[in-house]
Asker: 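Shown below is the structure under consideration.
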Amino acid sequence: MTRDQLLTAPDTAIPTLRGAVAGLPSYVPGRRSAGTDIAALASNESHYDPLPAATAAVAEAAGRMNRYPDMAAVELRERLARHLGVTAGEIAVGPGSVGVLQQIITGLCDAGDEVIFAWRSFEAYPILIELAGARPVRIPLDDAEGHDLDAMAAAVTARTKVILLCTPNNPTGVPISHAHIEAFLQSVRSDILVVIDEAYVEYAEAGSGPDSLALYRRYPNVCILRTFSKAYGLAGLRVGYAVAAPAIAEGLRRTALPFAVSALAQKAAIASLDAGEEMEARVAAVRQKRARMAAQLEARGWKLQPSQGNFLWIRADESLLARLVDAFDRAGILVRAYQGDGVRITVADPASNDRVLRLLETHAA
């Protein structure tokens, strides 16, 4: 073929994705409601409307949405710093805690580095790790549906850069105690970042999990990860944050997608922090509903681990899982099924909770 023919020949090749992307597992979101009589209990969203102060803040900020948000989120970071008793320099924000987690993995991991986490846990973990070219190291949960910290410590190698501890764990709801995390921190190298992922911490009973801020102050390799998506009811606005040593937090801010946290999200988060007492009252009500549901199900023979999230977890083999998913679908109740493991059910409004109880009371455990 002549040079002229090469230049005029149609190009049938197309760009190809990286191998890591082509083989990437897809994140499976909770299914959305498509009808008026559907109970949407698959995504652990708050069933309450946004806090009135947050709604008012968004309405006021909407008039300036032609302007870029503050990329450094200074006002939000300063408000968080007062709330947590740290400095603004120790805080990084992002689009939900999963966005901040991507900043963490991107900022710390080179190709071939390892990230250790429990499994089953938050589904985004392996996706973000593989996307960065790092290697996910899954450690099976223990018999109580919690983290096997001894096995996680034993899995540490020279390539380990980050360890993720999800407490309360999603989807099982089992927390990690303060004493267990502290012993774990004493056993791992100080150059490994240990991320305490507390997306559901507000729903946990006092003392059930760690005092993460105390651990952070004692161990500089601790990073705390939290979100406004759950208890604060801002899932649709996407804002989360990390607390980390100043040098780490600065690195996370540098790896962030520019302007990823909208001005509306920043204002709503600040207003939600200022309405903390109202949020706590809502959370207390969810705890009561969670305890009521668990007690009734256990009385019917269902074996549950005590959940500290805004959800319940039912371990189920393939046969039971298929029966439950079919029954929930026919009843118009959207829950989150995990193939081969079980089903997670968000604690919601009383009517939706009663629908769940009635369905599970008619099915054998």
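Numbers here are sequence positions counted from 1.
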Asker: Considering residues at least two apart in sequence or located in another chain, which fulfil the salt bridge (Lys or Arg N to Asp or Glu O under 4.0 Å) criterion with Asp143?
Answerer: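 If we apply the salt bridge (Lys or Arg N to Asp or Glu O under 4.0 Å) test to Asp143, skipping adjacent residues, there are no hits.
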
Asker: Can you find a side-chain donor-acceptor pair between Glu145 and Trp313 that sits under 3.5 Å?
Answerer: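 Yes, a side-chain donor-acceptor pair sits under 3.5 Å.
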
Asker: Do any side-chain atoms of residues 224-234 form donor-acceptor pairs under 3.5 angstrom with protein atoms, and if so which ones, sequence neighbours left out?
Answerer:
{"residue": "Arg226", "atom": "NE", "partner": "Glu198", "partner atom": "OE1", "Å": "3.0"}
{"residue": "Arg226", "atom": "NH2", "partner": "Glu198", "partner atom": "OE1", "Å": "3.0"}
{"residue": "Arg226", "atom": "NH2", "partner": "Ser212", "partner atom": "OG", "Å": "3.2"}
{"residue": "Thr227", "atom": "OG1", "partner": "Ser229", "partner atom": "N", "Å": "3.0"}
{"residue": "Thr227", "atom": "OG1", "partner": "Ser229", "partner atom": "OG", "Å": "3.1"}
{"residue": "Ser229", "atom": "OG", "partner": "Arg238", "partner atom": "NH1", "Å": "2.7"}
{"residue": "Lys230", "atom": "NZ", "partner": "Ser43", "partner atom": "O", "Å": "3.4"}

Asker: For Tyr68, does the OH atom have more than 12 heavy-atom neighbours from other residues, nucleotides or ligands under 6.0 Å away?
Answerer: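 Check fails, neighbour count at 12 or below.
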
Asker: Return yes if some donor-acceptor pair links the side-chain N/O of Gln266 with the main-chain N/O of Asp70 below 3.5 Å, else return no.
Answerer: yes

Asker: Looking at Phe328, is Arg330 sitting on its ring face, NZ or CZ under 6.0 Å from the six-membered ring centre and within 45 degrees of the normal?
Answerer: no

Asker: Without hydrogens or angle criteria, can the side chains of Gln103 and Thr106 be said to hold a donor-acceptor pair below 3.5 Å?
Answerer: no

Asker: For Arg253 versus Ala92, what's the shortest heavy-atom pair and its separation?
Answerer: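 Between these two residues, the closest heavy atoms are CG-CB, 3.9 Å.
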
Asker: For Phe311 together with Tyr203, are the ring centres under 6.0 Å from each other?
Answerer: no

Asker: Between Val243 and Tyr216, is any pair of side-chain heavy atoms under 4.5 Å apart?
Answerer: yes

Asker: Answer whether the closest heavy-atom distance between the side chains of Leu41 and Leu334 falls below 4.5 Å.
Answerer: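 Of all side-chain heavy-atom pairs linking Leu334 with Leu41, none is under 4.5 Å.
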
Asker: Kindly say whether Arg323 contributes a backbone atom to a donor-acceptor pair with the side chain of Asp326 at under 3.5 angstrom?
Answerer: no

Asker: Taking the side chain as everything from C-beta on, heavy atoms only, tell me whether Ile176 gets closer than 4.5 Å to Phe184.
Answerer: no

Asker: Does a sphere of radius 6.0 Å around CZ in Arg67 hold more than 12 heavy atoms from other residues, nucleotides or ligands, not counting ones at 6.0 Å or beyond?
Answerer: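 Open.
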
Asker: Between Leu273 and Val283, is there a shared hydrophobic cluster once you connect ILVMFWY residues whose side-chain heavy atoms come closer than 4.5 Å?
Answerer: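 Yes, Leu273 connects to Val283 through the hydrophobic network.
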
Asker: Under 4.5 Å between side-chain heavy atoms, counting indirect links through other Ile/Leu/Val/Met/Phe/Trp/Tyr residues: same cluster for Leu312 and Leu321 or not?
Answerer: yes

Asker: Within a strict 4.5 Å, meaning less than it, do heavy atoms of the Lys303 and Arg315 side chains meet?
Answerer: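 A side-chain contact is absent here, since even the closest heavy-atom pair is not under 4.5 Å.
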
Asker: Would a single hydrophobic cluster contain both Tyr338 and Ile127, if residues Ile, Leu, Val, Met, Phe, Trp and Tyr are joined by side-chain heavy-atom contacts under 4.5 Å?
Answerer: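 No; tracing contacts between hydrophobic side chains, which count when under 4.5 Å, never links both residues.
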
Asker: Is it the case that more than 12 heavy atoms not belonging to Glu277 sit under 6.0 Å from its CD atom?
Answerer: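 Open.
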
Asker: Would a hydrophobic clustering, with Ile, Leu, Val, Met, Phe, Trp and Tyr connected at side-chain separations under 4.5 Å, put Val156 with Ile181?
Answerer: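 In one cluster with Val156: Ile181, yes.
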
Asker: Verify the neighbour count for atom NE2 of His178: are there more than 12 heavy atoms of other residues, nucleotides or ligands below 6.0 Å?
Answerer: yes

Asker: Could you tell me if Asn169 and Tyr200 have a donor-acceptor pair between their side chains, going purely by distance under 3.5 Å?
Answerer: no

Asker: Taking the side chain as every heavy atom from C-beta outward, state whether Asp197 and Thr167 have any pair of such atoms under 4.5 Å apart.
Answerer: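 Sidechains of Thr167 and Asp197: no contact.
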
Asker: Any side-chain heavy atom of Asn44 sitting closer than 4.5 Å to one from Arg344?
Answerer: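 A side-chain contact under 4.5 Å exists here.
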
Asker: Would you say Gln308's side chain and Glu205's backbone share a donor-acceptor pair under 3.5 angstrom?
Answerer: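 Present.
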
Asker: How about Lys161 and Val115: do any of their side-chain heavy atoms sit closer than 4.5 Å?
Answerer: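 Answer no - side chains too far apart.
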
